[in-house]
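Residue numbers start from 1 in every chain, and the chains themselves are labelled A, B, ... in the order their sequence lines are given, proteins ahead of strands.
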2 protein chains.
Amino acid sequence: MPKNDQKDLLDLDSFLPYRLAVIAARVSKSMSALYAAKFGISIAEWRVIAHLARSERVSVRDIHARVNLDKVKVSRAVSRLEEAGLVLKANNAADNRLLDITLSEQGWSVYRQIVPLASGFEADLLSVLDDAERAALERIFEKLHSRLDDDPAAPRRSPPEG
Amino acid sequence: MPKNDQKDLLDLDSFLPYRLAVIAARVSKSMSALYAAKFGISIAEWRVIAHLARSERVSVRDIHARVNLDKVKVSRAVSRLEEAGLVLKANNAADNRLLDITLSEQGWSVYRQIVPLASGFEADLLSVLDDAERAALERIFEKLHSRLDDDPAAPRRSPPEG
DNA sequence: CCATGATCGTTACAAATGAAATGATTGTCA
DNA sequence: TGACAATCATTTCATTTGTAACGATCATGG
């Protein structure tokens with residue numbers, strides 16, 4: 001007497017949350033290998049650097065809101081980057097609770113070295129997709145996000161760049 | 001004098017590894033909220049349960065190889081599940097290094113309760129995609145995985161079910 | 001046989017993580 | 001103005017995580 005009917009079985013291999021987690025983990029790990037060893041930078045630190053490169057003079061809260069990292073993780077990433085000399089912290093003149101975080105010259109240098117590696121990695125991945133699939137992927141991302149926006153259990157989506 | 005030309009900037013919001021990580025994290029968290037509170041089960045434990053449901057009497061190594069969790073994580077998840085009474089451990093008669101891990105009656109019961117929640121959650125997510133987009137997503141997953149298979153830095157893909 | 005190496009599951013230990021608390025600063029409104 | 005709540009960044013502390021090592025068992029080849 002079987003414990004389950006076939007219809008009650010759930011195939012993990014075809015289960016969307018699982019598949020997304022697996023592909024994201026593979027891509028992240030493969031990507032981070034490009035800079036982790038060479039520059040001693042974690043994924044969180046890379047996100048902070050990438051955000052600083054396009055928005056100079058931001059606070060921990062700004063980064064937190066824009067880069068899908070919780071406040072504590074950003075704070076620690078920034079501290080490590082400061083110790084490594086890649087980032088500068090200053091007090092915000094208008095509001096002393098805030099930090100003005102910026103890339104140092106060395107931070108910019110590391111960023112400029114990573115960008116071509118990252119872009120190349122992404123281009124390599126995307127090269128296997130045709131135009132229709134890339135367009136579909138765009139729509140899929142947007143549709144899934146918008147569906148998750150209705151779910152209070154889902155983490156909030158980052159606000160659009162400003 | 002700007003530090004960077006536009007062409008040297010990398011937009012994190014449109015960067016594939018980042019986007020995959022964000023959507024996967026949102027989906028996983030939203031999904032795990034369905035069973036985490038009610039059954040006190042983590043994502044790793046859910047994966048173990050889901051695998052045991054379709055492959056009774058497996059070892060830690062089997063689960064590790066099939067469910068994208070490292071050996072230690074599986075070992076700990078199984079131990080927690082055993083303490084919770086959802087899983088049974090026995091020695092493999094043919095090889096005493098191996099464990100025969102199975103779902104207990106209570107484990108099956110929890111599984112049967114989670115499956116409709118998980119299937120419903122997935123169906124709800126997929127409902128926003130049309131047939132073409134779902135088909136595209138299938139191809140995208142397969143193409144990205146097959147590209148990553150060439151990258152020694154990427155974690156290995158799980159072998160097909162058998 | 002039996003010595004050597006490989007495999008399995010667990011443990012040890014350091015590092016990373018997350019939730020809540022903290023201290024410092026600012027906004028609010030009575 | 002001044003009490004009180006809110007916000008920012010950090011710290012604290014318990015838990016989780018990953019790497020490496022470990023003991024136990026098995027496979028292999030001499």
Side-chain angles (χ1 to χ4, degrees), chain A residues 21 25-26 28-29 32-33 36-37 40-48 51-52 55 57-84 87-102 153-156 159, chain B residues 21 25-26 28-29 32-33 36-37 40-48 51-52 55 57-84 87-102 153-156 159:
Chain A
R26 282 194 98 190
S28 275
K29 182 143 193 179
S32 66
I41 284 176
S42 71
I43 292 180
E45 286 156 19
W46 155 246
R47 287 194 195 175
V48 168
H51 182 60
L52 289 176
S55 320
R57 197 163 301 279
V58 294
S59 67
V60 168
R61 179 127 195 24
D62 291 330
I63 304 174
H64 155 64
R66 286 289 302 115
V67 175
N68 256 273
L69 295 172
D70 73 288
K71 213 171 47 166
V72 175
K73 222 167 180 177
V74 172
S75 174
R76 292 198 257 238
V78 168
S79 292
R80 278 192 298 263
L81 289 171
E82 188 192 26
E83 287 176 42
V87 143
L88 303 172
K89 285 194 212 175
N91 291 330
N92 182 296
D95 187 338
N96 258 309
R97 295 171 300 182
L98 302 179
L99 289 180
D100 284 348
I101 303 165
T102 55
R156 292 307 83 197
Chain B
R26 281 194 96 191
S28 275
K29 181 143 192 179
S32 66
I41 285 175
S42 72
I43 292 179
E45 286 156 18
W46 154 246
R47 287 194 195 175
V48 168
H51 182 60
L52 289 176
S55 321
R57 198 164 298 280
V58 294
S59 68
V60 168
R61 181 127 193 31
D62 291 329
I63 304 174
H64 155 64
R66 287 288 302 117
V67 174
N68 256 274
L69 295 173
D70 73 289
K71 210 171 47 164
V72 175
K73 222 168 181 175
V74 172
S75 173
R76 292 198 258 237
V78 167
S79 293
R80 280 191 297 263
L81 289 171
E82 188 191 27
E83 288 176 41
V87 144
L88 303 173
K89 287 196 214 175
N91 291 331
N92 183 297
D95 186 339
N96 258 309
R97 294 171 302 181
L98 302 179
L99 290 181
D100 284 347
I101 304 166
T102 55
R156 291 308 83 198

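With the nearest nucleotide of DNA chain D identified for both Lys73(B) and Val72(A), Val72(A) has the one nearer the 5' end. Comparing Arg80(A) and Asn92(A) along DNA chain C, the residue whose closest nucleotide (by nearest heavy atom) sits nearer the 5' end is Arg80(A).
Note that CG of Asp100(A) and CG of Asn91(A) are 8.0 Å apart. Values are rounded to the nearest 0.5 Å.
Under a 3.5 Å cut-off, the side chain of Ser28(A) and the backbone N or O of Ala25(A) do not form any donor-acceptor pair. No donor-acceptor pair under 3.5 Å is formed between the side chain of Arg26(A) and the backbone N or O of Ala154(B).
Out of dT7(D), dG9(C), dC26(D), the shortest distance to the side chain of Asp95(B) is found at dC26(D). Across dA9(D), dG9(C), dT19(D), the shortest atom-to-atom separation from the side chain of Asp70(B) is found for dT19(D). When distances are taken from the side chain of Arg76(A) to each of dC13(D), dG18(D), dT10(C), the shortest belongs to dC13(D). Listed nucleotides dC8(D), dG9(C), dT10(D) differ in distance to Leu98(A); the shortest reach to its side chain belongs to dC8(D).
Between Lys71(A) and dT11(D), a side-chain N or O to OP1/OP2 separation shorter than 4.0 Å is absent. In this structure, Ser75(A) reaches the dT10(D) phosphate: one of its side-chain N or O atoms is under 4.0 Å from OP1 or OP2. Of the side-chain N and O atoms in Ser59(A), one or more sit less than 4.0 angstrom from OP1 or OP2 of dA9(D). A sub-4.0 Å separation between OP1 or OP2 of dA9(D) and a side-chain N or O of Arg97(A) is absent.
What separates CD1 of Ile43(B) from C1' of dG18(C) is a distance of 14 Å, to the nearest Å. Here the P atom of nucleotide dC26(D) and the CZ atom of Arg61(B) are 17 Å apart, to the nearest Å. Note: NZ (Lys89(A)) to P (dC8(D)) measures 16 Å, nearest angstrom. In this entry the distance linking CG of Leu99(A) with C1' of dT7(D) reads 13 Å, nearest Å. Counting to the nearest Å, the C1' atom of dT17(C) and the CG atom of Asn68(A) are 16 Å from each other. Note: CG (Leu69(A)) to P (dT17(C)) measures 10 Å, nearest angstrom.
Nearest heavy atom pair, residue Leu98(B) against residue Ser59(B), reads CD2-CB, 4.2 Å. In this structure, Val74(A) and Leu69(A) approach most closely via the heavy-atom pair CG2-CB, 3.7 Å.
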